[in-house]
Each structure stands twice: as structure tokens, then as C-alpha cells.
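Here's the structure, in C-alpha cells; my notes come after.
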There are 2 protein chains.
Amino acid sequence: MEQVTIRDIARKCKVGVSTVSRAMNNHPDINPETKEMILKVIAESNYVPNNSARNLKRSNAKAIAILVKGMDNMFFNNMISVIEEVVRKKKYSCIIERVEEKANEVDSAIEIVKEKRLRGIIFLGGNFTHPHEKMAQIPVPYVISTIGAVSDGGKPCASVSVDDYRESYKMVDYLCGLGHRRIAIITACEDDISIGRLRLNAYRQALLDHGIPYDPDLVFHMTKDDTYSFATGYKVTKEILEKKTEFSALYATADTLAIGACRALKEAGLTVPDDISVAGFDGIDAGEYYIPSITTIRQPVEQLAAETAKMLFSLISGKEEPCSKVYDGELVVRESTKSRIAQQ
Amino acid sequence: MEQVTIRDIARKCKVGVSTVSRAMNNHPDINPETKEMILKVIAESNYVPNNSARNLKRSNAKAIAILVKGMDNMFFNNMISVIEEVVRKKKYSCIIERVEEKANEVDSAIEIVKEKRLRGIIFLGGNFTHPHEKMAQIPVPYVISTIGAVSDGGKPCASVSVDDYRESYKMVDYLCGLGHRRIAIITACEDDISIGRLRLNAYRQALLDHGIPYDPDLVFHMTKDDTYSFATGYKVTKEILEKKTEFSALYATADTLAIGACRALKEAGLTVPDDISVAGFDGIDAGEYYIPSITTIRQPVEQLAAETAKMLFSLISGKEEPCSKVYDGELVVRESTKSRIAQQ
DNA sequence: TTGTATGCGTTATCAA
DNA sequence: TTGATAACGCATACAA
């Protein structure tokens with residue numbers, strides 16, 4: 001189990017270590033024959049260069065990382081695939097890091113950049129509400145993906161997302177247009193000031209614009225520990241039903257929540273959409289195949305992912321300054337929502 | 001953008017670097033006051049130790065990798081979480097590598113071990129039908145997870161899984177017990193000789209044991225390019241329905257396929273389980289929340305994942321020889337299946 | 001209890 | 001085209 005080092009190879013080849021290094025790293029100034037000979041010995045000796053030493057010395061490891069918070073958010077899986085492809089095309093390597101739901105993704109970012117000498121970071125998910133000084137500590141370019149930039153005082157963050165406020169408004173507006181006046185909402189935890197807050201604010205405004213008074217009793221927050229999962233949607237909906245607050249539509253601010261909600265409603269003997277209309281957000285596959293299929297706001301995953309990668313490389317090459325790019329979501333009407341008139 | 005190093009901290013604290021090192025690594029021989037002071041300065045200076053340097057010095061880059069094939073298989077997400085936790089507890093770091101559906105995972109493994117100096121590998125997913133010489137090229141211990149070992153001639157592989165044959169048999173036996181005699185099956189592509197084959201063989205045997213003749217017209221294979229996704233289940237079921245072959249139950253060899261199937265059946269005007277019973281395999285969350293909830297074989301994800309990690313570390317430490325561990329799945333009867341008598 | 005000096009395996013710089 | 005050698009940032013044996 002003894003580790004073979006570059007020195008062992010050098011000795012075996014009767015050359016200097018730097019020559020071995022050159023052979024391995026495709027350096028131009030080396031005799032092809034020497035190179036071939038060395039490579040052959042390397043292959044025979046099953047020598048493997050030590051990456052820690054490499055990274056320590058080398059500062060140009062062309063690699064970026066995707067930091068994913070909340071892997072259960074199935075929405076991200078597609079994003080990652082697309083991003084990986086772009087990254088690969090740029091001859092960069094790409095490491096995926098899952099960060100715990102409760103962990104701080106910025107701290108993770110700082111640490112991992114140090115360790116792996118990354119050239120850039122992509123943040124996927126998480127509640128992006130970090131103080132500017134903290135963000136400034138990230139020593140490489142980064143892009144916040146699927147969450148609108150929260151440029152808190154300092155210079156703007158690079159971000160790629162839909163306009164959560166506008167898209168959320170679209171959905172609530174649609175539900176109101178269907179004749180619903182008692183629309184319950186499941187949203188992020190109370191102190192969220194990220195996308196959860198935006199989607200909630202839009203809900204409020206849309207109601208207002210339809211002349212519907214805002215009723216706090218219809219607003220249900222996830223708790224701090226809840227993730228955007230089926231289970232959370234199910235759990236919160238159970239709580240809603242226990243309260244016996246009357247409502248004809250339920251707007252779950254994620255498709256996963258919406259699906260959990262449908263299940264809870266079904267178990268309570270309620271039919272979607274005949275008794276209750278349910279709407280989600282994101283446009284994940286599961287919502288399309290669910291019965292009833294879930295009315296949702298579809299985020300343009302491909303575009304978002306492609307632009308995220310593109311922007312990061314622009315930032316790395318210094319071609320561009322951090323900015324927010326906003327894409328349009330799409331209201332996808334499916335089976336889970338229904339006009340209130342018909343509903344009765 | 002300059003990196004803060006341990007020397008900067010030492011200078012700022014007016015102590016030696018070793019003292020700083022001691023402070024960080026909870027060494028016993030250090031004055032608590034000094035330690036506190038140093039830790040404070042570290043926090044203020046947003047210093048992050050360089051892990052490459054650490055690993056280099058410790059000469060033990062304690063890291064393993066999880067190679068995941070088919071990320072859309074939601075089943076794996078939970079597994080990864082559990083494995084990561086165990087790995088973290090062992091003070092190892094853990095990198096996750098997605099491997100393309102069509103790529104060769106063993107080649108990927110060999111490459112990545114070389115590159116990252118891994119101490120072990122966990123294979124998640126993929127069709128494990130690789131020649132023994134190929135496997136032997138992997139220079140570190142590895143565990144094949146969720147797929148039974150295919151010890152092809154050589155010494156046995158380390159694997160952790162359920163007995164796909166036995167579990168699949170359980171399901172088909174259950175369906176037969178419900179009175180179904182025309183049971184369609186959606187299974188892996190024709191030339192699969194991994195879990196797809198096992199599950200199919202069990203189907204055959206179970207039918208036989210119930211005195212039901214095997215009808216090839218009821219067997220539907222995925223194609224080479226299909227993944228275990230909702231979309232595949234949907235697509236194949238559409239094809240089944242076009243054939244107008246009569247059947248009263250559909251056994252989809254993955255929950256994702258089952259869900260896609262339910263959708264297709266619904267669109268054909270068929271109700272599950274009243275017209276057709278549908279069964280899946282795996283026990284993913286989505287199946288539990290689906291309407292109707294999916295009858296399935298639940299794989300003991302936690303156990304599988306925990307044992308996978310445990311086994312890998314046993315292998316790494318040389319405490320154990322590669323072997324197969326088999327866990328029991330559980331038949332979970334839910335809403336998507338129904339007795340044929342009642343069904344009529 | 002603390003500081004100094006050495007080496008981990010590599011790459012890059014320089015001189016040969 | 002090569003080889004010796006100095007970093008890279010850290011942990012630690014050893015000296016103080």
C-alpha cells in the first residue's frame with residue numbers, strides 16, 4: 001500500500017523529477033522519446049500523482065463547483081445535468097457539493113474554494129440572504145442560480161432566475177380569475193426573506209388587485225426545518241385542514257408541496273380539483289405525471305442552467321460584471337385547478 | 001483576493017505557526033487563553049485552512065467517491081444522504097460523481113481514483129455486468145450498492161442489496177394471489193443481465209408456480225436509451241395499450257415507471273386499480289404520495305446505505321473480505337392494486 | 001507551554 | 001532538452 005511518488009518514477013527512469021512532471025503534464029519542451037519512456041514506466045508502476053500536492057502547488061486547476069442545497073428538490077437534477085455539459089465543453093471539471101439544509105452555503109463555498117482551488121462557484125438553492133461582507137469573502141466569481149439576486153447594499157450579485165414575484169403573481173392572478181376568493185398558501189418559513197417572501201408578497205398583491213382582502217389565517221408557513229418535500233406539503237396541509245378554515249384553492253409554492261397537499265386532501269375525503277383547486281410552482285416532472293396533474297409555473301430549466309454556466313465563465317474571464325438575468329416562467333394549466341363556479 | 005495562511009495568523013497573534021496549528025486542531029498542550037485568542041483572530045480574519053496542504057502533510061487524503069448512474073432515479077438521493085453522513089463521521093470526505101447513463105462506470109471509477117486519490121468507491125446504480133479483469137483494475141476497495149453481486153468467476157464482489165429475484169417474486173406472487181392472471185410487466189431492456197433480468201425471471205417463475213402460462217406478449221422491455229423515469233413508464237404503457245393485449249395488472253419494475261404508467265392508463269380512460277392494478281418496485285417517496293398510492297417493494301434504504309458505507313470502511317481497513325450482503329425488502333400494499341374479483 | 005525547522009509530493013523557475 | 005531546487009500551506013518532532 002506504499003505510495004509511489006514522482007521521485008520513485010524519476011529514479012526508475014534515471015531522470016530528474018521535473019522531467020517526469022513534464023512528461024505527465026504535456027509540456028512542450030521534452031524529448032518525445034524520453035516522454036514515452038517515462039509514461040510507460042508510470043503505467044507499469046501504477047503511479048498516481050497526488051492531487052493534494054498538485055492543487056497545493058498549482059493554482060490553475062480548471063474546476064468549478066456546484067453547491068446544491070436541498071437535493072430533494074428534484075428541480076435541480078435537470079439543472080445540474082445541463083450545467084455539467086457546458087462545463088465539460090469548456091474543458092473545466094465540475095464538482096458537485098451537496099450542502100446540508102441547515103448548513104451555511106457561503107461558508108461551505110469559501111472552504112471548498114480554498115481546498116480545491118476552484119475558479120468559480122454556482123449556488124443552487126438555499127435561502128440567499130447573506131450579508132454582503134460574507135459574500136465578499138468568496139474569492140472567486142459565483143452565480144446564484146434560480147434565485148433572484150439580493151443585492152443588499154453592496155454591488156449586485158450575479159444571478160440567473162425567473163422573477164419569483166412576477167411569476168407568483170401570475171399564478172395567484174390566475175386562481176383569482178378562476179373565481180377563487182379564499183386561497184390558502186403554503187410558503188417558506190416566517191422569517192424567510194428570499195424567494196419564499198417574494199412569492200408570498202406577490203400573493204398578497206394579487207389578492208389586493210382582485211379586491212380580495214388578505215387573510216392571515218390562509219397563510220401557512222413551513223417551519224425552519226421543513227424542506228420543499230412531499231412530506232412537508234402533506235404535513236402542512238393536514239394542519240390546514242385541522243384548522244377548518246374555509247378555502248377553495250390552495251397555492252403551494254413548490255410542486256413537491258402541492259403533491260403532498262393533494263395527498264392530504266384526498267385522505268380528508270376532498271377531491272382535487274372538484275372540491276379544492278391546487279397549484280404549485282417549478283414545473284417538475286412529477287407534477288406532470290401526478291393525478292391530477294399539477295397546475296404550475298414552469299421554470300425554464302434548460303435556459304436557466306445554460307445561462308448560469310455561461311455567466312459564470314464570463315465572470316471568470318472577466319468579460320462581464322455581475323448582473324441579474326431574469327427569465328420568464330410559464331403558467332401551465334393542468335388538471336389540479338378548476339373554475340370556482342364549476343367547482344361548486 | 002490574497003489567501004490568508006497560517007503564517008498570517010501566527011504573525012497577527014504574535015505566536016508561532018505551530019501554536020496556531022495546535023489551537024485549530026484541539027491539541028492538548030496549549031494554553032487555553034492563547035488558544036482562545038488565536039481562535040478569535042482566526043474568526044476575524046476569515047482564515048480557512050487549506051485542505052490540500054493538510055492532506056498533503058497528513059499524507060492521507062481520506063476521501064471516497066460515490067459513483068451514481070442515473071441521477072433521475074430518486075431512489076438514490078436518500079441513499080446518498082445516509083452514506084454521506086457515515087462518511088463524514090469517519091472523517092472522510094466524500095465526492096459524488098454522476099456518470100452518464102451510457103458511460104462505463106468502471107472506466108470512470110478507475111479514472112477518478114487516479115485523479116483524486118480515493119480510498120474507496122461506492123457504485124450506485126448501473127447495470128453491473130462487467131468482466132472480472134475490468135473490475136480488478138480498480139485499485140481501491142469498492143462496494144456495489146443496491147445491486148446484487150455478480151461474482152463472475154473471479155472472487156466475489158462486495159455488494160449490498162436486496163435479493164431482486166426474491167423480492168420481485170414476492171410482488172408477482174402477491175398479484176397472482178389477488179386473482180390476476182394476465183399480468184403485464186415493464187422491465188429493463190432485452191439484453192439486460194442485471195437486476196432487470198432477475199426481476200423478470202422471478203416474474204416468470206412466480207407465474208409458473210401459480211399455474212399461469214408465461215406469455216411473451218405481456219412482457220414489455222425498455223429500450224437501451226430509456227432511463228427508469230416517469231417518462232419511460234408513460235411511453236411504454238402507451239405502447240402496451242396500443243397493442244390491445246388484454247391484462248388486468250401491470251407490474252412496473254420501478255416506482256417511477258409505475259407512476260408514468262398510471263398516468264398513461266388514466267389518459268386511456270382506465271382507472272387504477274379498478275380497471276388495472278399497478279405495482280412498482282423501490283419504495284420511493286413519490287409512490288407514497290401518488291394518487292393512487294403505489295403498491296411496491298420497499299427497499300430498506302437506510303439499512304442499505306448504512307451497510308454500504310460500513311462495508312466499504314471494513315474493506316478499506318482490511319478487516320473484511322468482499323462479500324454480498326442481502327437485505328429484505330418489504331411488500332407495501334397500497335391503493336394501486338386490488339383483488340381481481342373485486343375489480344370486475 | 002511555545003517556537004523553529006523540516007518535510008509531505010508536486011510544479012515552476014532557473015541554470016546548465 | 002534537462003536537472004536541481006525553491007516554493008505551496010500545513011502538521012509535527014524536537015528544542016527551548
Side-chain angles (χ1 to χ4, degrees), chain A residues 1-39 41-42 45-63 110-119 139, chain B residues 1-39 41-42 45-63 91 93 113-119:
Chain A
M1 213 48 169
E2 269 316 296
Q3 296 293 11
V4 184
T5 79
I6 196 173
R7 253 180 283 272
D8 299 318
I9 302 296
R11 209 174 307 127
K12 205 176 276 187
C13 296
K14 299 188 197 310
V15 297
V17 286
S18 36
T19 309
V20 178
S21 177
R22 275 187 277 260
M24 288 191 298
N25 299 309
N26 293 322
H27 263 79
D29 46 354
I30 183 173
N31 186 324
E33 287 170 31
T34 326
K35 178 171 173 179
E36 199 175 335
M37 182 267 284
I38 294 175
L39 256 24
V41 173
I42 287 180
S45 320
N46 55 53
Y47 157 72
V48 182
N50 181 319
N51 234 282
S52 292
R54 270 194 165 160
N55 288 336
L56 180 59
K57 183 61 193 168
R58 211 163 39 187
S59 42
N60 62 339
K62 301 220 294 188
I110 296 170
E111 199 168 322
I112 196 174
V113 167
K114 268 250 178 186
E115 180 185 340
K116 317 246 172 170
R117 295 264 154 149
L118 302 174
R119 301 278 269 268
Chain B
M1 189 101 26
E2 272 314 295
Q3 296 291 11
V4 184
T5 79
I6 197 173
R7 253 183 285 272
D8 298 318
I9 301 297
R11 208 175 308 127
K12 204 177 276 187
C13 295
K14 298 185 198 310
V15 298
V17 286
S18 44
T19 309
V20 178
S21 177
R22 277 188 276 260
M24 289 191 299
N25 299 314
N26 294 320
H27 262 79
D29 47 354
I30 183 173
N31 186 324
E33 288 170 31
T34 326
K35 176 171 173 178
E36 198 173 337
M37 183 267 284
I38 294 174
L39 255 24
V41 173
I42 287 180
S45 320
N46 55 57
Y47 159 70
V48 181
N50 180 320
N51 249 298
S52 292
R54 270 193 170 162
N55 289 336
L56 179 57
K57 183 59 195 172
R58 290 176 175 153
S59 83
N60 55 346
K62 305 216 291 189
K91 303 281 185 193
S93 73
V113 167
K114 273 225 168 200
E115 184 188 337
K116 315 241 173 174
R117 286 249 141 176
L118 303 174
R119 300 279 269 266

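Letters A, B, ... are given to chains in the order of the sequence lines, protein chains preceding strands, and every chain is numbered from 1. Worth knowing before you read on, the calculation uses all heavy atoms, side chains too, and leaves out hydrogens, waters and symmetry mates. What you are looking at is a predicted structure, and each value in this text was computed from that prediction instead of being measured.
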Produce the list of close N/O pairs, under 3.5 Å, pairing protein atoms with atoms of nucleotides 2-5 of chain C; give distances to one decimal.
residue: C:dT2; atom: OP1; partner: B:T34; partner atom: OG1; Å: 2.5
residue: C:dT2; atom: OP2; partner: B:N31; partner atom: N; Å: 2.7
residue: C:dT2; atom: OP2; partner: B:T34; partner atom: OG1; Å: 3.4
residue: C:dG3; atom: OP2; partner: B:G16; partner atom: N; Å: 2.8
residue: C:dG3; atom: OP2; partner: B:T19; partner atom: OG1; Å: 2.5
residue: C:dG3; atom: N7; partner: B:S18; partner atom: OG; Å: 2.9
residue: C:dG3; atom: N7; partner: B:R22; partner atom: NH2; Å: 2.8
residue: C:dG3; atom: O6; partner: B:R22; partner atom: NH1; Å: 3.4
residue: C:dG3; atom: O6; partner: B:R22; partner atom: NH2; Å: 3.4
residue: C:dT4; atom: O4; partner: B:S18; partner atom: OG; Å: 2.9

Please identify each residue that fulfils side-chain hydrogen bond (donor to acceptor under 3.5 Å, both in side chains) with A:N31, with sequence neighbours left out. none
Among all residues two or more places apart in sequence or in another chain, which pass the side-chain hydrogen bond (donor to acceptor under 3.5 Å, both in side chains) test with A:D29? none
Measure the spacing between OG of A:S21 and CD1 of A:I9 and express it to the nearest 0.5 Å. 12.5 Å
Nearest whole angstrom, please: distance from the C1' of C:dT11 to the CE of A:M24. 9 Å
List, one per line, each side-chain donor-acceptor pair under 3.5 Å for residues 11-20 of chain B, sequence neighbours excluded.
residue: B:R11; atom: NH1; partner: B:D8; partner atom: OD1; Å: 3.4
residue: B:K12; atom: NZ; partner: B:S45; partner atom: OG; Å: 3.4
residue: B:S18; atom: OG; partner: B:R22; partner atom: NH2; Å: 3.4

Degree of bending in the helix from C:dT1-D:dA16 to C:dA16-D:dT1 once both end axes are built from five pairs, to 10°: 40°
Interatomic distance, A:L118 atom CG to A:I112 atom CD1 [nearest 0.5 angstrom]: 5.5 Å
Hey, which of these two, B:V48 or A:V20, hits DNA chain D nearer its 5' end, going by closest nucleotide? A:V20
Can you measure from NZ (B:K57) to CG (B:N55) and round to the nearest 0.5 angstrom? 13.0 Å
Report yes if the side chains of B:L56 and B:S52 come closer than 4.5 Å at any heavy-atom pair, otherwise no. no
How close or far is atom P of C:dG7 from atom CD1 of B:I6, stated in whole angstroms? 19 Å
What is the separation between atom CG on A:N25 and atom P on C:dT10, rounded to the nearest whole Å? 10 Å
Any non-hydrogen side-chain atom of B:Y47 less than 4.5 Å from a side-chain atom of B:I6? yes
Close side-chain approach of B:M24 and B:I38, heavy atoms under 4.5 Å: no
So B:T5, base contact, sugar-phosphate only, or nothing? Heavy-atom distance under 4.0 Å. sugar-phosphate
State whether the distance check finds a donor on one side and an acceptor on the other, under 3.5 Å, for side chain A:K57 versus base C:dG9. no
Might you point out which heavy atoms bring B:A23 and B:K35 nearest each other, and give the distance in Å? O-CE, 3.7 Å
On DNA chain D, which is the earliest and which the latest nucleotide, 5' to 3', with an atom closer than 4.0 Å to a heavy atom of chain A? D:dT1 to D:dG9
